[in-house]
Protein chains: 2
Amino acid sequence: MIEARHLRVLREVARTGSFSAAARELGCTQPAVSQQMKALEQSAGTPLLIRTGREMRLTQAGEALVRHAVGILAGLTAAEEEVAAIAGLRAGRVRLVSFPSGSSTLVPAALAAMRAAHPRTRVSLDEAEPPRSIEMLRNGDCEIALAFRYPEVRAAAPEACSDWDDLVVRPVLADRLVGLVPEGHRLAATGSAAFGDLADEPWIAGCPRCRTHLVEVCERAGFTPRIDFATDDYPAVIGLVGAGLGVAALPELTLASVRPKGARTVRLEPAVHREIVALTLPDLARVPAVGAMLDQLECAAAR
Amino acid sequence: MIEARHLRVLREVARTGSFSAAARELGCTQPAVSQQMKALEQSAGTPLLIRTGREMRLTQAGEALVRHAVGILAGLTAAEEEVAAIAGLRAGRVRLVSFPSGSSTLVPAALAAMRAAHPRTRVSLDEAEPPRSIEMLRNGDCEIALAFRYPEVRAAAPEACSDWDDLVVRPVLADRLVGLVPEGHRLAATGSAAFGDLADEPWIAGCPRCRTHLVEVCERAGFTPRIDFATDDYPAVIGLVGAGLGVAALPELTLASVRPKGARTVRLEPAVHREIVALTLPDLARVPAVGAMLDQLECAAAR
DNA sequence: CCCTACCCCCAAGCCTCGCTTATGCTGGAG
DNA sequence: CTCCAGCATAAGCGAGGCTTGGGGGTAGGG
């Protein structure tokens with residue numbers, strides 16, 4: 001088995017025409033070069049160098065080996081450079097999958113910051129809800145899945161999130177829920193309310209997991225919400241509230257980029273949060289570009 | 001520094017999708033594979049493999065490395081094969097330089113035998129007299145120099161051959177000298193003669209070194225030859241003898257492929273030989289094709 | 001539901017390999 | 001003729017790799 005290290009030395013010996021000179025170039029001692037060349041000739045099965053007192057010449061086999069060595073070593077350094085570029089964030093691609101409402105403010109800010117910090121990296125974005133995004137993560141279709149969870153639900157039913165325990169879960173943002181009531185509602189002017197204050201209102205719920213969470217929180221407040229409408233689409237929720245059809249509890253982030261028409265937000269007490277987390281595989285978390293993107297997500301959320 | 005051994009393992013892991021399977025393919029244990037991959041990731045500076053419980057996947061850096069590994073390993077095996085072909089006498093070129101009269105019978109026979117034994121090897125032939133052929137050998141212009149020497153001259157003046165002492169000298173043939181006398185000469189019928197019998201004849205000498213030898217041998221026999229003609233060209237010597245201009249002492253080999261016209265050969269006593277030797281450099285002697293050609297020369301001389 | 005088989009990681013021990021230092025030898029230059 | 005540069009060799013040491021043995025986790029089958 002010919003070793004790349006031997007080829008590197010052979011090429012240097014051929015170039016300089018001397019073991020000592022090659023050793024100096026390679027930063028080692030002359031006997032090291034001598035031994036490597038002996039080992040290479042051993043594994044080649046034929047002499048590669050002709051030791052004539054004056055200069056070091058190549059045999060035909062030596063010439064053949066040097067000829068191949070050029071290409072092999074070039075390929076090797078190309079490989080090292082490409083890997084070093086990925087490791088040094090001068091290249092690399094991260095595929096990010098986010099839940100729909102996360103893509104609006106958090107992800108764009110993080111993407112912009114990532115581009116500013118590491119312009120040569122590429123980040124692609126897809127949208128998928130958590131069960132699907134986790135599957136994509138496990139299937140190798142993405143490196144980071146942005147998802148959310150509700151601490152209250154996790155405490156009440158730990159098995160619902162049990163499929164995350166072999167993932168790296170990076171908390172990104174605690175997204176506080178705010179109440180949304182129609183304009184003119186009795187609570188619209190107060191600016192603050194407890195969940196119990198809305199016990200008799202018709203509710204408009206979000207996605208299935210949000211709905212489960214809403215029920216859980218309301219039951220902790222002592223009532224079971226009457227849910228008249230449920231939709232995955234947050235703008236639709238806002239529209240329904242604005243039409244006076246009920247009240248809702250929405251994460252602040254969903255309201256960051258829109259101005260609800262015909263509805264007012266009220267502070268909800270006690271504070272309840274939707275926890276936005278970035279998920280990845282343990283091995284992927286150690287990939288520089290993935291780690292950098294996680295940092296950027298965390299950083300973007302801090303603002 | 002990425003090592004070829006690591007790339008080989010990585011490629012196998014990528015192909016089989018498992019450390020254990022790769023270990024079986026490579027004929028080692030699974031921890032060995034595991035350790036090599038850890039070392040490779042260490043030197044790469046980024047994870048290369050994603051350990052998902054079920055299967056082993058590549059990161060982007062891993063994919064890049066495998067992509068390069070294909071070419072690198074292909075180049076490596078190509079290099080190994082080419083060297084192995086040279087070592088295994090399935091390829092290789094030998095440049096042979098012979099003195100002019102050696103090319104007539106010995107060399108053609110050896111070349112034919114070499115082609116028969118190792119058809120894929122190539123032997124080229126050039127002609128040069130010993131001082132020049134030795135220089136070519138030292139300059140790297142040939143691998144084997146066929147030359148001759150006279151033991152009597154070597155004993156009398158060792159410094160004349162002192163520039164061969166760092167060469168490999170392979171005796172090929174002891175080429176006995178025969179006398180050549182004109183037809184009708186008083187010794188032509190006897191078939192045998194001592195040097196002293198020709199003390200009073202005019203002599204025709206060959207090349208300078210042959211001439212020196214002739215003088216040396218004749219002086220040992222008690223006389224100094226009267227040399228009327230000297231020429232490097234053996235056919236010319238034969239012609240001169242045939243014309244009755246003198247006698248000569250010629251190596252048998254020079255008469256092997258010609259029939260002297262107007263001259264007769266006589267056995268010379270005591271036996272005197274021109275020693276034909278093949279010269280090469282110590283390192284070159286270990287090159288298989290060179291060694292084989294030396295063997296073929298020796299073999300051809302035995303017939 | 002348990003059990004088995006498979007696969008990976010980890011730790012320890014051993015061994016081999018490669019490097020360095022030191023020394024000897026040879027050839028060429030001043 | 002002496003000095004210097006270069007290669008080879010031997011000894012010693014340190015590192016690295018491979019193996020064995022054991023543990024944990026997961027998927028598939030009884």
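No experiment lies behind these values; they were computed from the predicted model shown. Sequence lines set the chain letters: A, B, ... in the order given, protein chains first and strands last, and positions in each chain run from 1. The analysis underlying the following values was restricted to heavy atoms, covering all of them including side chains, and did not include hydrogens, waters or symmetry mates.
Nucleotide D:dG6 holds its P atom 16 Å from the CG atom of A:Leu49, rounded to whole Å. Protein atom CD of B:Glu3 is 11 Å distant from nucleotide atom P of C:dG18, rounded to whole Å. Going from atom CG of B:Leu167 over to atom C1' of C:dG27 covers 15 Å, rounded to whole Å. Taking atom CD of A:Gln42 as the reference point, atom P of D:dT9 lies 12 Å away to the nearest angstrom. Counting to the nearest Å, the C1' atom of C:dC9 and the CD1 atom of B:Ile50 are 18 Å from each other. A:Met1 places its CE atom 13 Å from the P atom of C:dG18, with the value rounded to the nearest Å. Between the CE atom of A:Met56 and the P atom of D:dA5 there is a distance of 17 Å, given to the nearest Å. Across the protein-nucleic acid pair, A:Gln35 atom CD and D:dG12 atom P stand 15 Å apart, rounded to whole Å.
If you take CG on B:Leu10 and CZ on B:Arg15, they are separated by 12.5 Å, rounding to the nearest 0.5 Å. From A:Leu284, atom CG reaches atom CE of A:Met293 across 14.0 Å, with rounding to the nearest 0.5 Å.
When all heavy atoms of A:Pro47 and A:Thr59 are compared, the pair lying nearest together is O-OG1, 2.8 Å.
Under 4.0 Å is where a charged nitrogen must lie from a carboxylate oxygen, and between B:Arg5 and A:Glu3 no such pair does. Salt bridge annotation for B:Glu143-A:Arg57: absent, with no cationic side-chain nitrogen under 4.0 angstrom from a carboxylate oxygen.
Around atom CZ of A:Arg67, more than 12 heavy atoms belonging to other residues, nucleotides or ligands sit under 6.0 Å away.
Within 4.0 Å of A:Met37, counting heavy atoms only, lies no atom of the nucleic acid at all.
For residues 19-33 of chain B, proximity to DNA chain D is found at B:Cys28, B:Thr29, B:Pro31, B:Ala32, defined as any non-hydrogen atom under 4.0 angstrom from a strand atom.
OP1 or OP2 of D:dA8 sits under 4.0 Å from a side-chain N or O of A:Arg51. The phosphate of C:dC8 has OP1 or OP2 within less than 4.0 Å of a side-chain N or O from B:Ser18.
Of the candidate nucleotides D:dT9, C:dC10, C:dC8, C:dC10 has the atom nearest to the side chain of B:Lys38. Out of C:dC19, C:dC8, D:dC18, the shortest distance to the side chain of B:Gln36 is found at D:dC18.
Relative orientation of the B:Phe148 and B:Phe99 rings is perpendicular, given thresholds of 30° and 60° on the angle between their planes.
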